[in-house]
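Chain naming here is simple, since letters A, B, ... match the order of the sequence lines and numbering starts at 1 in each.
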Amino acid sequence: MTMNVSMTVNGKAVAAEVEPRTLLVQYLREHLGLTGTHVGCDTSQCGACVVHVDGASVKACTMLAAQAEGATVVTIEGLANGDALHPMQEAFRDNHGLQCGFCTPGMVMSAVDIATRHPNPSEQTVREQLEGNICRCTGYHNIVKAVQAGAKAMGG
Amino acid sequence: MTDTGIGARVLRKEDRRFLTGGGRYVDDINRPNQTHAVLVRSPHAHATINGINAKAAESAPGVIAVFAGADTAADGLGGLPCGWLINSKDGSPMAEPAHPVLAQGKVRHVGDPVAVVIAETRGQARDAAELVEVDYTELPSVVDTATAANPDQPQVHDEAANNTCYDWEFGDKAGADAGLANAHHVTKLDLVNQRLVPNAIEPRAAIGDYDSGEDRYTLYTTTQNPHVIRLLMCTAVLNLPETKVRVVAPDVGGGFGSKIYHYAEEALVTWASRKVGRPVKWTADRTEAFLSDAQGRDHVTHVELGLDKDGKFTALKISTVANLGAYLSTFGSAIPTYFYAPILAGVYTTPAIYCEVLGVFTHSVAVDAYRGAGRPEACYLLERVVDAAARETGLDPAEIRRRNFIPESAQPYQTPIALVYDGGNYQKNMEDCLAAADAAGFEARKAESAARGMLRGFGLCCYIEFCGAAPSAVAGALGARAGLYEAATVRVNPSGSISVMTGTHGHGQSHETTFAQLVSEQLGVDIGAVEIVHGDTDKIAFGMGTYGSRSLPVGGTAIVKSLDKVIDKGKKIAGHILEASADDIEFKDGQFAVSGTDKALAFGEVAGAAYVPHNYPLEELEPGLEETTYFDPPNFTFPAGCYICEVEIDKDTGVTRIDRFTAVDDFGVLVNPNIVEGQVHGGLVQGIGQALYEGCQYDAESGQLITGSYMDYCMPKASDVPSFAISTNETKSPTNPLGVRGCGEAGAIGAPPAVINAVVDALKDHGVTHIDMPATPEKVWRAIHGGATAMAAE
């Protein structure tokens with residue numbers, strides 16, 4: 001049994017026949033080839049799969065594609081403006097806020113959401129707000145700096 | 001001149017693709033017509049397999065094949081090999097039981113692979129795996145490290161009596177016994193270095209792809225060392241020549257040791273791709289990672305440190321039981337032996353040292369190197385027992401260390417246990433760190449904490465480790481079944497751009513930037529003109545891979561030596577064209593110039609001449625500009641440093657918060673300080689994770705893994721850890737021409753004792769002298785409120 005889902009992903013209207021159990025992250029990775037969104041766990045903790053659904057950060061491993069019917073989804077691939085990186089992407093680069101890069105897409109998507117809600121976040125705020133994202137490489141030190149710098153660059 | 005050379009804080013070349021979703025990890029790769037594999041794993045810690053009924057699975061939707069141990073045996077697949085032979089005290093070789101890729105009649109840990117289901121989709125394979133009926137007879141199991149070798153315990157392997165893999169020793173037993181017997185004071189400590197799960201955020205994955213036209217396999221895999229995987233898989237498991245197998249390790253999402261080893265799934269998908277005639281893809285989910293990635297640490301240790309009346313160490317004696325898990329992983333035998341005992345001198349002049357290690361099998365996931373690999377275990381016991389000795393003798397922890405440091409004037413220092421240290425001022429590291437941490441202000445901060453009802457503690461650790469594995473002759477003499485050199489090819493392309501093929505592999509370490517900086521420094525080109533090629537056995541001559549902080553000291557040196565050869569050849573070409581002797585050509589600022597004249601050729605012009613040799617000394621020199629080096633280091637490198645941790649503990653909840661953490665490291669020359677700092681931050685948080693949060697636990701009765709997900713295994717989050725104050729000293733290593741020491745593991749090695757020394761210091765007024773890791777709120781609370789009594793009453 002399959003069902004039809006349609007949504008807007010990174011500004012483009014997309015539609016597909018999928019199994020009802022298809023997760024949003026599977027749909028993005030396997031049907032749309034948007035492999036920037038990663039899967040690092042199976043209990044919704046690592047946050048490598050964070051995307052924006054209708055403007056809010058969501059763990060794409062915890063939402064069915066069917067639940068995103070009609071939604072506007074932005075993934076890491078949709079963040080930059082052509083060759084110009086998003087200010088949060090720039091901030092991660094400037095502050096060496098990534099190493100292996102695997103948690104990075106989810107981190108950046110969460111960070112953009114954090115900056116939207118907390119335009120000028122303190123270190124403590126950033127650390128608490130990153131509760132849903134695990135990084136094993138960086139020790140978070142530079143990620144925290146990057147999120148603060150990115151928030152500032154976004155206009156905070 | 002270039003501003004992207006050694007020492008420059010240039011931004012990373014690899015970042016753009018990672019930041020835009022353009023990274024290419026194994027699970028991002030899909031091969032045409034590929035199938036999906038899901039493994040059926042043992043739900044029991046120990047059981048015999050009476051039979052496997054796969055009929056229902058085979059007829060399930062989308063299923064292409066189901067293979068079990070009988071199938072791999074029928075095709076003659078060998079077992080997963082162990083790369084290091086350890087001999088016991090009596091000279092007998094270690095017990096080395098078979099490690100089949102699919103269980104042969106018996107399972108020995110929860111997660112042991114029993115069968116593989118291959119289907120059109122991953123979902124179908126997963127559904128069908130549920131239908132494979134395995135008839136088990138459960139057997140009693142053992143997971144406890146300390147008691148695994150007791151004669152009444154269930155046996156993991158018939159060929160390892162009393163679950164003993166080896167009973168090994170190192171150092172001077174008579175000397176250590178005499179040193180302890182004659183000591184003014186002996187400090188004794190029993191401690192546990194708990195089992196950890198490495199937890200790279202990218203789960204392992206592998207795709208096997210057999211090309212019948214070429215009769216050749218490609219394996220895409222999440223590995224830190226593609227050539228090693230090709231070698232081990234071809235020679236030990238699949239019985240194929242290397243020419244028939246290409247191993248590709250594309251972007252890999254962290255390793256920390258866990259992606260060094262040759263795993264069953266790599267061989268299974270490669271083998272199965274020919275069986276089913278289509279590519280076979282397998283990606284672990286996180287639960288599977290917990291059940292199958294090699295784990296780390298797991299030592300139970302008794303240590304005795306002798307002191308004379310002045311607080312000078314007279315002898316150190318250690319007895320460790322090391323849990324190896326159910327099977328020997330690739331380097332599992334070597335980590336608790338030769339990567340552990342030889343560094344037990346630490347930064348001190350202790351004259352007599354002895355260490356014995358009982359390596360035991362248990363019904364648990366295999367244990368192997370995890371960030372630091374043996375050295376964290378050594379550093380932890382040493383820095384803990386030194387602090388305990390300071391407490392018992394009334395000396396300040398810094399003062400007892402001052403009395404025992406190896407002085408800089410004694411470098412290079414021959415330790416009593418084989419290693420020769422390659423320089424460093426260990427006392428300066430500590431004094432600098434004490435100053436940076438404002439040790440003088442600690443008592444005031446402690447009083448301020450006390451005024452708020454909080455306990456404050458100060459913890460010190462002076463670590464040393466050894467990196468840059470390894471001098472092959474030394475490793476070979478100690479049982480290594482491989483050489484540990486590294487290879488690099490520098491190819492100057494006709495237009496002057498530069499390709500560097502390295503046998504190391506970057507999976508977070510920023511090789512694409514750091515190695516490009518080496519080229520920039522030496523050839524005077526911008527890093528933008530340099531590409532670093534890694535992770536493909538078809539593109540790179542050979543290599544031993546990335547682990548043990550070896551990539552820069554060993555792999556980087558191979559690159560530098562190839563660059564030297566390129567420059568030498570360039571001088572000959574330039575000398576010919578400029579009608580001067582090659583000896584009169586100097587290479588500077590990207591130009592080959594005749595000394596003392598304004599006659600010069602740009603680097604690109606010489607490259608062009610090498611590929612268009614119209615005016616070229618063809619009778620003496622081959623065309624082309626490409627050089628390869630295999631570098632085998634003359635010694636290890638020895639990074640060292642001092643970490644100071646200050647904790648504040650809430651008496652009522654037992655919660656420990658790290659208030660400040662200060663680090664001074666001596667990594668020798670820094671190629672890119674940004675990247676080095678990032679490595680230190682990451683290592684420190686893994687070390688803090690061990691000290692306060694992480695611990696892999698198995699149920700003692702059933703052998704079930706209790707901490708099998710991120711719900712149960714406590715990974716450090718951003719809010720659990722502090723920002724760090726870090727700085728470096730620089731003592732150039734004489735072991736390599738770059739003067740570098742390696743920086744990847746220091747944080748994970750030095751942080752645990754610094755944190756626990758701080759916790760014990762905070763609790764000392766409550767009579768606490770020891771706490772095992774992780775120092776969870778419950779353990780700390782119990783230590784404060786009744787200590788050992790409350791624990792014993794459990």
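Highest contact tally toward chain B, considering only A:Gln26, A:Arg127, A:Arg29, is held by A:Arg127 [criterion: heavy-atom pairs under 4.5 Å]. Most heavy-atom pairs under 4.5 Å with chain A, from the set B:Pro716, B:Gly23, B:Gly683, B:Gly747: that is B:Pro716. Highest contact tally toward chain B, considering only A:Gly101, A:Pro105, A:Gly33, A:Cys135, is held by A:Gly101 [criterion: heavy-atom pairs under 4.5 Å]. Across B:Glu14, B:Arg17, B:Arg16, the residue that shares the most heavy-atom pairs under 4.5 angstrom with chain A is B:Arg16. Each of A:Val144, A:Asp83, A:Thr37, A:Ile143 has some count of heavy-atom pairs under 4.5 Å with chain B, and the biggest count is that of A:Asp83. For chain A, the option among B:Ser723, B:Gly682, B:Gly253 with the highest count of heavy-atom pairs below 4.5 Å is B:Ser723. Most heavy-atom pairs under 4.5 Å with chain B: of the set A:Cys100, A:Gly139, A:Ala80, this distinction falls to A:Cys100. Comparing B:Ala284, B:Gly22, B:Pro722, B:Ser510 by heavy-atom pairs within less than 4.5 Å of chain A, the highest count is held by B:Pro722. The greatest number of non-hydrogen atom pairs below 4.5 Å with chain B, out of A:Ile134, A:Leu130, A:Asn142, is found for A:Ile134.
A distance-only check finds a donor-acceptor pair linking the side chain of A:Arg136 to the backbone of B:Pro198 [under 3.5 Å]. Panel note: side chain B:Glu202, backbone A:Phe102; no donor-acceptor pair is recorded below 3.5 Å. Between the side chain of A:Asp42 and the backbone N or O of B:Thr287 there is at least one donor-acceptor pair closer than 3.5 Å. Counting only distance, with no hydrogens or angles, the side chain of A:Gln99 and the backbone of B:Gly678 share a donor-acceptor pair below 3.5 Å. A donor-acceptor pair is defined here as one N or O able to donate and one able to accept, closer than 3.5 Å; such a pair exists between the side chain of A:His141 and the backbone of B:Phe724.
No more than 12 heavy-atom neighbours from other residues, nucleotides or ligands sit within 6.0 angstrom of CZ on B:Arg24. Counting non-hydrogen atoms of neighbouring residues, nucleotides and ligands closer than 6.0 angstrom, the CG atom of A:Asn4 exceeds 12 such neighbours.
The structure places CD of A:Glu30 at 11.0 Å from CG of B:Asp28, a figure rounded to the nearest 0.5 Å. In this structure, CD on B:Gln679 lies 10.5 Å from OG1 on A:Thr138, to the nearest 0.5 angstrom. In this structure, CD in A:Gln124 is found 7.5 Å from OG in B:Ser719, a value given to the nearest 0.5 Å. Annotation: the span from B:Leu11 atom CG to A:His96 atom NE2 amounts to 10.0 Å, rounded to 0.5 Å. Atom NZ of residue B:Lys13 and atom CZ of residue A:Arg93 lie 10.5 Å apart, to the nearest 0.5 angstrom. Put simply, CG on B:Asp285 and SG on A:Cys41 are 10.0 Å apart, with the number rounded to the nearest 0.5 Å.
Here the shortest heavy-atom pairing between B:Tyr710 and A:Gly40 reads CE1-O, 4.1 Å.
There is no contact between A:Val126 and chain B, counting heavy-atom distances below 4.5 Å. Contacts between A:Leu79 and chain B at a heavy-atom distance below 4.5 Å are absent for every atom of the residue. With a threshold of 4.5 angstrom between heavy atoms, A:Glu90 does not approach chain B through any atom at all. With a 4.5 Å cut-off on non-hydrogen atoms, B:Asp251 does not touch chain A at all. Within the 4.5 angstrom heavy-atom criterion, only backbone atoms of B:Val252 (N, CA, C, O) approach chain A. For a residue to count as touching a neighbouring chain, one of its non-hydrogen atoms must lie under 4.5 Å from one of that chain's; by this rule B:Met711 touches chain A with backbone and side chain alike.
Classification of A:Asp94 and B:Arg12 as a salt-bridged pair fails, no side-chain N sitting under 4.0 Å from a carboxylate O.
Of all residues in residues 684-692 of chain B, those placing a non-hydrogen atom less than 4.5 angstrom from a non-hydrogen atom of chain A are B:Val685, B:Gln686. Scanning residues 53-68 of chain A against chain B with a 4.5 Å non-hydrogen threshold yields no residues.
With 3.5 Å as the limit, one finds no donor-acceptor pair spanning the side chains of B:Thr20 and A:Glu77.
Residues A:Cys137 and B:Phe256 are in side-chain contact: their nearest non-hydrogen atoms beyond the backbone lie under 4.5 Å apart. Annotation: side chain of B:Asp27 is not in contact with side chain of A:Val39 (no heavy-atom distance under 4.5 Å).
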